[in-house]
J.: 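Structure in structure tokens, see below.
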Number of protein chains: 2
Amino acid sequence: MNKSTKTKISNAVIKRLPRYRRYLKELQRKGVDKISSGELGVLIGYTASQIRQDLNNFGGFGQQGYGYNVNSLYNEISAILGLDKAYKIVIIGAGNLGQAIANYTSYFKAGFVVCGIFEVNPRLIGLKINDIEVMDYEKLVSYVEENQIDMGIICTYKDSAQDVADKLSFAGVKGIWNFAPVDIEVPERVALENVHLSDSLHSLAYYINKNQKKE
Amino acid sequence: MNKSTKTKISNAVIKRLPRYRRYLKELQRKGVDKISSGELGVLIGYTASQIRQDLNNFGGFGQQGYGYNVNSLYNEISAILGLDKAYKIVIIGAGNLGQAIANYTSYFKAGFVVCGIFEVNPRLIGLKINDIEVMDYEKLVSYVEENQIDMGIICTYKDSAQDVADKLSFAGVKGIWNFAPVDIEVPERVALENVHLSDSLHSLAYYINKNQKKE
DNA sequence: TTAAATTATTAACTAATGTAACAAAAATAA
DNA sequence: TTATTTTTGTTACATTAGTTAATAATTTAA
């Protein structure tokens, strides 16, 4: 029995996994081939105990008296995150953010394949952004269905976001990455990750002012 | 005595404030002028109790038997977040992301004034992006000092991010918004907000696969 | 064969979060 | 004016999540 099916894995753990992975990648790059939870803890800034516990949610990747093998742990974490597969993606909204995300994702993220960008603005339809075709938003649903797209990235204004999410969900995507500054509703089977940039900026403003009140 | 000085306000509360503010803005737009914690709770999806408790961290903005005045609550929350002031900003990195953030911030975020973009690539220096000058990265520190810049946005590759953060901190910014996929260190007096897009995308990949294992 | 290192796992602890309850205040209606 | 209703402010309680500590088991290396 797979461990991950036994107990629910907390959100905090999942959010730490990409971070572990980043540090492991770096160690790999440096040619380090084994590491103990203690050493890794110093590096990342977690306690050794937490690292062992986090990893043990998914199974015993380490070995007593030895530690963790950097390469295999990197691969294990990648597999847990599902980064050993490829994902077909569409972006909705060909504005500044949509374009930036298109470039960002297709250049830097092996495994995330941007197949098309959808737009309502007729002046943008037909253009190519980084070799990716900008298509008519009207064709979104049929395109997603026919090409078995896995994921949609919402880069529209907030007023359109829910409509986009509905169409994507209807057409069968498995996940939505939402950049519109609004809370959208999706069916339970669809995974949703929000990147609320304005919320992030606003909380930064708070912390800037709080620091100055020097508590 | 101001309430906010009494007790430390939890991070979760701060992170909810921009959300409250978004919904209040929407109510304002619809011409609603008062709302009870109960109604707001239904709207946002929190319990009435939590909303009252959150708001009471900062003082009593409501009135028994009446509820909360939408306009004044919106203004109060804005003030708590520090959104009643203006912030002078520089962006470091004029790549796709830097450009998108430059446009995003200067178009949509009143109060956040992008004063300059800094770059190492000589082919970009001297250009104007959305009326904002792209300057030589060498001049970052003196520019920030002379113009009393409040905030820096890091849109570089990960290898340069710490150097940028050091320069910004040295030059006296009060906050850093970091988009580079790396953990950077800043002095305590500098507020730091990370937007780790790749981490976010990777956790989305996890949830996509988890959903399919249909727990 | 023994000692040292280090994980896996259980247990204990701490902090954060959320909910409930109710007195106090204001608004409304009689 | 007075009673009733509404709704907050505030305290207390309960629950959950997250973290750290402790220890038994295993491996490595001397």
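The shown structure was predicted, so the numbers you read here are calculated from the model rather than taken from an experiment. Chain identifiers are assigned alphabetically (A, B, ...) following the order of the sequence lines, protein sequences preceding nucleic acid strands; residue numbering begins at 1 within each chain.
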J.: Quick one: CD1 on B:Ile89 to CD1 on B:Ile153, what's the gap to the nearest 0.5 Å?
T.: 4.5 Å
J.: Starting at atom CG of A:Leu55, determine the distance to atom C1' of C:dT6, rounded to an integer number of angstrom.
T.: 14 Å
J.: So that I can tick it off, tell me whether A:Glu193 and A:Lys15 are bridged by a salt bridge, with the cut-off set at under 4.0 angstrom between side-chain N and carboxylate O.
T.: yes
J.: Strictly distance-based, threshold 3.5 Å: is any side-chain N or O of A:Asn57 a donor or acceptor partner for the main-chain N or O of A:Asp54?
T.: yes
J.: Does a salt bridge link A:Lys88 with A:Asp150, judged by any charged N lying under 4.0 Å from a carboxylate O?
T.: no
J.: Quickly work out the B:Leu40 CG to D:dT7 P distance and round it to whole Å.
T.: 13 Å
J.: Could you state the atom-to-atom distance from CG of A:Asn69 to C1' of D:dT27 in whole Å?
T.: 15 Å
J.: Do NZ/NE/NH1/NH2 and the carboxylate oxygens of A:Asp183 and B:Arg22 come within less than 4.0 Å?
T.: yes
J.: Rounding to an integer number of Å, can you tell me how far A:Phe61 CZ sits from C:dT9 P?
T.: 11 Å
J.: What is the per-nucleotide protein-contact pattern of nucleotides 16-26 of chain D, from the 5' end, where B denotes a base atom under 4.0 Å from a protein heavy atom, S denotes such proximity for sugar-phosphate atoms only, and - denotes neither?
T.: --SBBBB--BB
J.: Given atom CD of B:Glu39 and atom P of D:dT6, what is their separation to the nearest angstrom?
T.: 12 Å
J.: Return the value, rounded to whole Å, for the distance between atom CG of B:Asn57 and atom P of D:dT11.
T.: 12 Å
J.: What class does the angle between the rings of B:Tyr87 and B:Phe112 fall in, given that below 30° is parallel, 30 to 60° is tilted and above 60° is perpendicular?
T.: parallel
J.: Under the ring-ring contact (aromatic ring centres under 6.0 Å, His included) test, which residues partner B:Tyr20, sequence neighbours left out?
T.: B:Tyr46
J.: To the nearest angstrom, how far is A:Phe58 atom CZ from C:dT9 atom C1'?
T.: 16 Å
J.: When the distance from CD of A:Gln63 to C1' of C:dT6 is rounded to whole Å, what number comes out?
T.: 10 Å
J.: Quick check with a 6.0 Å cut-off and a 45 degree axis cone: is B:Lys34 positioned over the face of B:Tyr68's six-membered ring?
T.: no
J.: Restricting to non-hydrogen atoms, name the atom on B:Leu24 and the atom on B:Val70 that form the minimum distance, rounded to 0.1 Å.
T.: O-CG1, 3.7 Å
J.: Would you tell me if any nitrogen or oxygen in the side chain of B:Ser37 comes within less than 4.0 Å of OP1 or OP2 on D:dT7?
T.: no
J.: Within residues 22-36 of chain A, which residues have any heavy atom lying less than 4.0 Å from an atom of DNA chain C?
T.: A:Ser36
J.: So, does B:Tyr66 get its side chain near the phosphate of D:dT5, meaning an N or O under 4.0 Å from OP1 or OP2?
T.: no
